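Right, one structure below, let's go through it.
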There are 2 protein chains.
Amino acid sequence: MSLSKTFSALSEPNRQKILDLLKKGELSVNEIGKYLDVTTPTLSHHLDILKRADLISSRRQGQQIIYSLNFSILEEVAEKIAKFLAVKKIK
Amino acid sequence: MSLSKTFSALSEPNRQKILDLLKKGELSVNEIGKYLDVTTPTLSHHLDILKRADLISSRRQGQQIIYSLNFSILEEVAEKIAKFLAVKKIK
DNA sequence: TATATAATTAGATATATATCTAAATATCTA
DNA sequence: TAGATATTTAGATATATATCTAATTATATA
C-alpha cells in the first residue's frame, strides 16, 4: 500500500468523519449516512476509497453492509512519520 | 491549518520526495529539481503547495530561493493520529 | 413471488489538480 | 546597464475527483 494512496484517502473531510465515526464501533452505510451531508452513492464512493486504502473493512449482515475501522494502516502511517521525524534528533 | 490540507499536500509523490530531500538539509529550487523529473514551474507549484501547508519554509539567498523543512506540522499530524489511535487501547 | 429496503454501479458533470510552454520578475555580474 | 541565471506567475490542457440522478443488485418479508 502506497503512502500516497493513504494520504489521499485521508485528505477528504467526509472520509475523515467516517473514520471518526467508526472509531467508536462498526456501523452500517445507512447509519454512517445520518452524520454526513451526501447522497448514498457519494457515501458509497467514499467508503470504496477508504476500503481500497485498507483503512476500513466491510461485511454483509442481511441487507446491510457493516463497515469497521482498520487500525493497522494508521499505525503504520504514524510510525513512518515518527521515523521520518527521527532524523531531526540525530542531527 | 486543516488536516485535510496537510494530507492533501502529503499525498503527491513528488512532494513526498521533496520533503525527503529537505530532511537532510535545506536546498535551492534548482538543487531539488535535480532529483525530480518535472519542469521548474511544476516544481515551483509543488513547493507552493507544501509552503501553503506550512510543511516547508523559504528564504531568498541572492538569486536563489532556499527551502527548508518545517517539522512542526508533521509532529502535529503524528500526534493527532496517535491520539486517534489511542481510543483503541481504551476499549 | 412481488415489494420494500440497503447498498453499489453506471453515467454525467463540475471542480480541482498536475503538468507543460511562454512570459514576467528578481538578482547577479561583466 | 545589458545579459545571464534563478525562480515564479500566467495561461492552457489533460486527468482525477467529488458529486448527483437513475439503474442495478442483493436481501428480507408480506
Side-chain angles (χ1 to χ4, degrees), chain A residues 1-22 25-70 73 77, chain B residues 1-22 25-70 73 77:
Chain A
M1 182 65 52
S2 78
L3 248 195
S4 291
K5 204 171 180 180
T6 307
F7 282 135
S8 186
L10 292 171
S11 71
E12 211 279 331
N14 285 307
R15 292 197 289 265
Q16 287 174 21
K17 197 158 187 179
I18 292 169
L19 296 181
D20 239 358
L21 289 166
L22 294 179
E26 52 180 29
L27 292 171
S28 70
V29 176
N30 217 341
E31 288 168 321
I32 296 169
K34 288 176 190 163
Y35 299 94
L36 301 185
D37 193 24
V38 294
T39 61
T40 316
T42 296
L43 172 52
S44 196
H45 167 248
H46 286 309
L47 291 168
D48 183 52
I49 285 170
L50 288 171
K51 202 173 166 186
R52 284 171 193 279
D54 209 26
L55 286 161
I56 60 175
S57 298
S58 69
R59 61 184 173 84
R60 179 174 281 279
Q61 187 176 72
Q63 287 162 285
Q64 306 179 91
I65 308 286
I66 309 291
Y67 282 89
S68 56
L69 186 62
N70 293 342
I73 297 289
V77 171
Chain B
M1 180 64 52
S2 78
L3 248 195
S4 292
K5 204 172 181 180
T6 306
F7 283 136
S8 186
L10 292 172
S11 72
E12 210 280 332
N14 285 307
R15 292 197 288 266
Q16 287 175 21
K17 196 158 188 180
I18 291 170
L19 297 180
D20 239 359
L21 290 166
L22 294 179
E26 53 181 27
L27 290 172
S28 70
V29 176
N30 217 342
E31 288 168 322
I32 296 168
K34 288 176 191 164
Y35 300 94
L36 301 184
D37 195 25
V38 293
T39 61
T40 317
T42 296
L43 171 53
S44 195
H45 168 248
H46 286 309
L47 291 168
D48 183 55
I49 285 169
L50 289 171
K51 202 173 165 185
R52 283 172 194 279
D54 209 27
L55 287 161
I56 60 175
S57 298
S58 69
R59 62 184 172 84
R60 179 175 280 280
Q61 187 177 71
Q63 287 161 285
Q64 306 181 90
I65 308 286
I66 308 291
Y67 282 90
S68 57
L69 187 62
N70 293 343
I73 298 290
V77 172

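All values below come from the heavy atoms of this structure, side chains included, with hydrogens, waters and symmetry mates left out. Residue numbers begin at 1 in each chain, while the letters A, B, ... track the order of the sequences. Note that the structure is predicted; figures quoted are calculated from it, not measured.
In this entry the distance linking CZ of Arg15(A) with P of dT17(D) reads 9 Å, nearest Å. Look at CG on Leu47(B): it is 14 Å from C1' on dT9(D), rounded to the nearest Å. Distance, Ile66(A) CD1 to dA6(C) C1': 10 Å, rounded to whole Å. Atom CG of Asp48(A) and atom C1' of dT9(C) are 10 Å apart (whole Å). Taking atom CZ of residue Arg59(A) and atom P of nucleotide dT8(C), one finds them 14 Å apart after rounding to whole Å. One atom, CD1 of Ile32(A), and another, P of dA6(C), lie 14 Å apart when rounded to the nearest Å. In this structure, Ile49(A) atom CD1 and dT9(C) atom C1' are separated by 14 Å, rounded to whole Å.
Annotation: side-chain contact (heavy atoms from CB on, under 4.5 Å) contacts of Glu26(A) (sequence neighbours excluded): Arg59(A), Ile66(A), Ser68(A). Scored by the side-chain contact (heavy atoms from CB on, under 4.5 Å) test, Glu31(B) finds Leu27(B), Ser28(B), Lys34(B) as partners (sequence neighbours excluded). Applying the salt bridge (Lys or Arg N to Asp or Glu O under 4.0 Å) test to Arg60(B) and every residue at least two apart in sequence or in another chain returns nothing. Legend: residues meeting side-chain contact (heavy atoms from CB on, under 4.5 Å) with Thr40(B), ordered by chain and number and at least two apart, are Val29(B). Shown here are the side-chain contact (heavy atoms from CB on, under 4.5 Å) partners of Ser44(B), two or more places apart in sequence or in another chain: there are none.
In this model, the phosphate group of dA6(C) is not approached by any side-chain N or O of Tyr67(A) to a distance below 4.0 Å at OP1 or OP2. At the phosphate of dA7(C), OP1 or OP2 sits under 4.0 Å from a side-chain N or O atom of Asn30(A).
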Summary of protein contacts for nucleotides 19-28 of chain D, nucleotide by nucleotide, where a base hit scores B, a sugar-phosphate-only hit scores S (4.0 Å, heavy atoms): BBBB---SBS

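Evaluation of the salt bridge (Lys or Arg N to Asp or Glu O under 4.0 Å) test over residues 5-20 of chain A, restricted to residues two or more places apart or in two chains, returns Asp20(A)-Lys23(A). For residues 44-54 of chain A, the pairs satisfying salt bridge (Lys or Arg N to Asp or Glu O under 4.0 Å) are Asp48(A)-Arg52(A), with sequence neighbours left out.
The two residues Ala9(B) and Leu55(B) have their closest heavy-atom pair at CB-CD1, 3.9 Å.
Contacts of residues 50-58 of chain B with DNA chain C (heavy atom under 4.0 Å): none.
The partner of dA24(C), taking Watson-Crick or G-U wobble pairs whose two distances both stay under 3.5 Å, is dT7(D).
Projected onto DNA chain D by closest heavy-atom contact, Ser8(A) and Ile65(B) fall at different nucleotides, the more 5' of which corresponds to Ile65(B).
Leu10(B) has its side chain out of reach of Leu3(A): every pair of non-hydrogen atoms, C-beta onward, lies at least 4.5 Å apart.
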